[in-house]
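The shown structure was predicted, so the numbers you read here are calculated from the model rather than taken from an experiment. Convention: sequence-line order gives letters A, B, ...; per-chain numbering from 1.
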Protein chains: 2
Amino acid sequence: MVARYERIADALREEILTGAHPVGSQLPSESDLAGRFGVARGTVRQAVAVLAVEGLVGSRQGARRIVLGRARSQSFAELHSFAQWARANGHRYGGQVIEQRRRAASAVESVRLGNDKVLEVLRLRTLDDEPVLVERTVYAEWVAPAVERLPADCESVTEALYESIGLVIAYGEHLIDAVPAGAQDARLLGVRRGSPLLRQRRITTTYEGRPVETSDDRYRAGSVIFSIRNSIGANPLVRQAGDLRSGRREHMFDL
Amino acid sequence: MVARYERIADALREEILTGAHPVGSQLPSESDLAGRFGVARGTVRQAVAVLAVEGLVGSRQGARRIVLGRARSQSFAELHSFAQWARANGHRYGGQVIEQRRRAASAVESVRLGNDKVLEVLRLRTLDDEPVLVERTVYAEWVAPAVERLPADCESVTEALYESIGLVIAYGEHLIDAVPAGAQDARLLGVRRGSPLLRQRRITTTYEGRPVETSDDRYRAGSVIFSIRNSIGANPLVRQAGDLRSGRREHMFDL
DNA sequence: CAGTGGTCTAGACCACTGT
DNA sequence: CAGTGGTCTAGACCACTGG
């Protein structure tokens with residue numbers, strides 16, 4: 001069952017993509033669209049709200065909506081899962097467990113994951129047959145058994161965990177910065193020590209808010225780029241000072 | 001005039017922040033909140049939608065909403081403007097124009113900005129008296145005169161342009177990756193050549209979709225971190241392969 | 001099966017834009 | 001001042017969760 005407003009959003013997205021509404025042009029008014037699709041104005045507003053969140057259109061009171069771009073947004077799974085992202089974008093991909101061990105949680109980890117024992121896994125992932133990503137993931141104890149049952153060259157951990165224990169990862173927080181490659185990073189990725197890596201630290205939870213894993217993912221420079229659209233009305237990206245001593249922090253990575 | 005749903009969102013945000021609704025707990029039902037605030041259910045839904053976009057609460061049909069974190073969300077201006085961000089976060093900040101010149105636009109720039117002449121400005125910005133950011137900004141011709149009238153040590157270009165010509169930057173697209181410091185970067189930031197920098201390329205437009213500037217901002221590693229929350233229902237961040245030869249790209253940086 | 005969130009309607013009024 | 005988007009209401013029905 002697909003909602004009416006989703007189908008309207010799809011239709012409008014398609015029209016934007018095909019150039020029926022070129023970038024920079026005005027979208028028809030809400031009443032026009034309501035008439036055309038045979039729905040109430042509120043439903044049209046839900047549809048264009050979807051496009052606004054995607055950064056496709058902008059709006060301001062009193063003026064017609066403007067087409068800002070023709071982007072398609074990726075699914076949550078595609079951001080979270082390397083395999084799903086690579087596949088959806090037509091890349092070859094692979095992965096290999098380099099190290100895997102149970103250990104006691106650090107103080108920070110035990111608060112984040114709600115466990116005092118954790119499973120740590122080091123994976124090297126390849127994109128189009130080149131090593132691009134070193135993934136250091138720490139799993140909460142309750143998912144550890146399922147992770148340990150996976151083959152070392154499991155291509156998609158996210159999908160495998162869904163199939164084996166029905167795990168759905170629903171929420172994530174991501175911290176993005178740049179770091180120099182350490183000795184192990186350098187060896188695995190085939191770059192010089194100290195060379196730039198794009199780091200994405202994340203913590204993910206289930207629908208119920210139960211923590212699943214935290215991870216420190218490091219991409220070889222040039223292999224991936226993160227992209228985001230924002231506006232005066234919607235600003236999902238946040239910038240923070242990186243010095244841990246100064247200033248407050250306020251995200252899942254704290255407590 | 002602040003909307004009713006905004007004030008309700010503020011109230012709930014405050015309650016989450018103060019711990020009245022701890023992380024992991026359930027939010028009251030929509031009907032409860034509607035009764036408590038004396039509004040229709042739709043208004044409550046608008047309010048919690050705000051919190052959902054901020055990543056504070058999650059939801060799924062049939063189950064009560066869950067508190068995911070105690071957010072702070074920054075304003076759009078704070079992401080766009082180094083000065084406004086630094087000030088809001090209690091840092092000292094400064095800036096200095098290193099180079100500034102008019103030149104012909106490159107092919108790409110002329111399409112992005114809609115101009116064949118541009119103004120290029122190289123600025124070095126300091127945070128807490130340390131150089132942390134090299135900003136290479138290319139302005140469309142129509143804003144160039146106003147930019148040229150600014151003092152070389154202008155602290156907030158965004159605010160100055162608003163005051164001088166009423167310029168409001170309403171939309172932005174940002175690409176984030178890691179790059180090695182070039183010779184000029186290294187000299188200005190006081191780091192070694194090749195050391196990691198966090199790069200944020202952006203293009204911004206007015207409400208009407210008119211391009212204002214593109215910029216290549218490079219942060220010293222460790223000085224800033226970008227942070228984002230996402231969910232299965234809202235996924236603003238997009239990951240792309242970095243190899244420019246492969247795959248399609250679909251954002252303002254194209255055409 | 002009761003409660004809850006998701007969708008949709010029809011109509012009202014207001015704030016703002018652009019001519 | 002006409003048109004448009006922003007806000008809000010009151011009520012309806014459905015899909016889903018969780019006991």
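Here A:D116 pairs with nothing under the side-chain hydrogen bond (donor to acceptor under 3.5 Å, both in side chains) rule; sequence neighbours left out. Qualifying side chain to side chain contact (heavy atoms under 4.5 Å, CB included) partners for A:R103, counting only residues two or more places apart in sequence or in other chains: A:R101, A:E109, A:V118, A:E120, A:V138. In this view, B:N115 and B:A140, B:E141, B:W142 satisfy the side chain to side chain contact (heavy atoms under 4.5 Å, CB included) rule, not counting sequence neighbours. Applying the side chain to side chain contact (heavy atoms under 4.5 Å, CB included) rule to B:L150 yields the partners B:C154, B:V157, B:A160, B:L161; only residues at least two apart in sequence or on another chain are considered. Here B:F82 pairs with B:W85 under the ring pair (Phe, Tyr, Trp, His ring centres under 6.0 Å) rule; sequence neighbours left out. Under the side-chain hydrogen bond (donor to acceptor under 3.5 Å, both in side chains) criterion, B:E208 pairs with A:R60, B:T206, sequence neighbours left out. Every residue meeting the side chain to side chain contact (heavy atoms under 4.5 Å, CB included) condition with A:A20, not counting sequence neighbours, appears here in chain and number order: A:E15, A:T18.
Separating the CZ atom of A:R45 from the C1' atom of C:dC8 is a distance of 14 Å, rounded to the nearest angstrom. One interatomic measurement links the two molecules: CZ of B:F37 to P of D:dA10, which rounds to 17 Å at whole-angstrom precision. In this structure, the CG atom of B:L51 is 15 Å from the C1' atom of C:dG5, given to the nearest Å. Between the CD atom of A:Q26 and the P atom of D:dG3 there is a distance of 15 Å, given to the nearest Å. Between B:L27 atom CG and C:dT4 atom P there is a gap of 12 Å when expressed in whole angstrom units. Separating the CZ atom of B:R7 from the P atom of D:dT7 is a distance of 12 Å, rounded to the nearest angstrom. Summarising the geometry, the separation between CD1 on A:I8 and P on C:dC8 is reported as 8 Å, rounded to the nearest angstrom. Taking atom CD on B:Q46 and atom P on D:dT7, their separation rounds to 6 Å, with Å as the unit.
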With the sugar-phosphate defined as primed atoms, P, OP1 and OP2, and the base as all remaining atoms, what B/S/- string results for nucleotides 11-19 of chain C, 5' to 3', for protein heavy atoms under 4.0 Å?
-B--BBSS-
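The side chain of B:T43 places an N or O atom within less than 4.0 Å of a non-bridging phosphate oxygen (OP1 or OP2) of D:dT9. Using a 4.0 Å cut-off, some side-chain N or O of A:S59 falls inside it from OP1 or OP2 of D:dG6. Contact annotation: B:S31 does not reach the phosphate of C:dG3 (side-chain N/O to OP1 or OP2, under 4.0 Å).
Of the possible donor and acceptor atoms, none in the side chain of A:R136 sits under 3.5 Å from a partner among the backbone N and O of A:D216.
Of all heavy-atom pairs spanning A:Y171 and B:G58, the tightest one is OH-CA, 3.1 Å.
Closest contact between the side chain of A:R65 and the listed nucleotides D:dT4, D:dG6, C:dG5 involves D:dG6. Listed nucleotides: D:dC8, C:dG6, C:dC8. Nearest to the side chain of A:R4: C:dC8. Side chain of B:A3, nearest nucleotide from D:dT7, C:dT9, C:dC8: D:dT7.
Take the nearest nucleotide of DNA chain C for B:E30 and for A:V39: the residue whose nucleotide is more 5' is B:E30.
For the helix from C:dC1-D:dG18 to C:dG18-D:dC1, the end axes, each set by the C1' atoms of five terminal pairs, are bent relative to each other by 20° (nearest 10°).
Around atom CZ of B:F37, more than 12 heavy atoms belonging to other residues, nucleotides or ligands sit under 6.0 Å away.
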